[in-house]
Amino acid sequence: MDEGSLQPGDRLSSVVDLALQYNVGRSTIREALSALKAMGLLDIRQGGGTFVRTPPADPLPVHPGQLYADLWEGRAASLRHLLEVRRVLETGCASVAASNRSEADLAAFEEILREMENAADEQVSEQADVKFHQQIAAATHNPLLLDLMESLSNKLHENMKDMRALWFYAERSSAERLLQEHASIYEAIRTQDAKEALARMEAHITKVEQVLSEKGAGDQPL
């Protein structure tokens, strides 16, 4: 907007399109739009879209650099909270799944891993990533654990892009390495090694938690 590429009255793309354009999660886009609305730069109409407003006559109350830092701090806090819940829930699910999984569950895991391996783009790979973690809960055959995991589904979809970016940063590696890590969790479940399944899931989540903590509120986001 500052560059003049958008004029007052122009309608912004949807949250989904903006997330794809800037390669961030949808929750990050929503936070940015809310902040710009608070600065008087956007008009967000419920069900009607988001439009550029005429900039206020007074100077902006927040410097863009500070806004960027504040957005990352809020985004990091949201990810940290979700990772804490995942650590508690998913490590336990992996352990129980290793004890309770069926042959049908193994077939479902293998299909999801093939989807991850053959994904044509990052969005498809992200969706398969979420499905893999949900399948672990399904393989517990405990309806309460499955309900708890499904309650996180929207949050997982919103934040998976950010969590995958942090994982890649921690590993200094590629999607192939992430696929191998998921495959190793599957292998522990397949061999019904509950202790190893728990440990591998914990290590998987810990990598993201560690790099998130190392970056801190003052660092630049990924």
Side-chain angles (χ1 to χ4, degrees), residues 1-56 60-83 86 112 114-134 149-170 174-176 178-179 182 208 211-212 215 217 219-222:
M1 285 180 287
D2 285 346
E3 290 84 358
S5 57
L6 292 173
Q7 300 298 320
D10 285 351
R11 181 171 181 170
L12 270 62
S13 301
S14 69
V15 170
V16 173
D17 290 341
L18 288 170
L20 290 173
Q21 180 180 347
Y22 291 100
N23 196 34
V24 297
R26 297 178 191 179
S27 58
T28 302
I29 294 296
R30 292 191 186 100
E31 290 168 3
L33 295 178
S34 294
L36 291 169
K37 177 183 178 182
M39 295 169 66
L41 297 175
L42 293 179
D43 178 18
I44 301 177
R45 305 171 190 172
Q46 189 65 34
T50 301
F51 298 84
V52 177
R53 294 184 60 182
T54 302
L60 296 178
V62 181
H63 187 276
Q66 183 60 49
L67 172 63
Y68 191 59
D70 289 347
L71 284 172
W72 170 243
E73 184 175 2
R75 176 176 160 197
S78 177
L79 286 173
R80 188 175 296 110
H81 293 157
L82 181 57
L83 286 166
R86 288 185 61 191
I112 294 168
R114 280 194 292 271
E115 288 179 22
M116 294 180 72
E117 183 176 12
N118 299 323
D121 57 51
E122 176 62 11
Q123 185 177 11
V124 174
S125 185
E126 286 168 20
Q127 292 170 348
D129 200 334
V130 172
K131 285 170 62 176
F132 181 88
H133 289 274
Q134 290 174 329
M149 192 63 191
E150 287 181 343
S151 72
L152 290 178
S153 178
N154 288 339
K155 282 291 184 183
L156 277 175
H157 278 284
E158 286 183 357
N159 292 290
M160 185 57 74
K161 186 183 294 289
D162 290 334
M163 285 188 283
R164 285 168 65 90
L166 286 165
W167 194 96
F168 291 144
Y169 182 87
S174 65
E176 176 62 27
L178 182 58
L179 174 63
H182 282 83
V208 182
V211 71
L212 188 60
K215 294 197 67 62
D219 292 336
Q220 292 297 317
L222 296 174

- Item | Residue pair Lys131 / Met116, side-chain heavy-atom distance below 4.5 Å | no
- Task: Verify the neighbour count for atom CG of Asn154: are there more than 12 heavy atoms of other residues, nucleotides or ligands below 6.0 Å?
- Result: no
- Quick one: pull up CZ in Arg80 and CG in Leu212 and give me the separation to the nearest 0.5 Å. 4.5 Å
- Task: Side-chain contact test, heavy atoms from C-beta onward, threshold under 4.5 Å: evaluate it for Met163 versus Leu156 and give yes or no.
- Result: yes
- For Val124 and Ala119, work out which heavy atoms get closest and say how close. CG1-CB, 3.9 Å
- To the nearest 0.5 Å, what is the distance between CG (Asp129) and CD (Glu126)? 8.0 Å
- Distance col, row Lys155:NZ vs Leu79:CG, nearest 0.5 angstrom, shows 9.5 Å
- Item | salt bridge (charged side-chain N to carboxylate O under 4.0 Å, His left out) involving Asp17 - partner list, sequence neighbours excluded | none
- Item | Where Arg11 and Phe51 come nearest, the two heavy atoms and their spacing | CB-CE2, 3.5 Å
- Report the distance from atom CD of Glu117 to atom CD1 of Ile112, rounding to the nearest 0.5 Å. 14.0 Å
- Message: Quick check: do Gln7 and Val52 have side-chain heavy atoms less than 4.5 Å from each other?
- Response: no
- Task: Taking all heavy atoms of Ser13 and all of Leu18, pick out the closest pair and write down the distance.
- Result: O-CD1, 3.5 Å
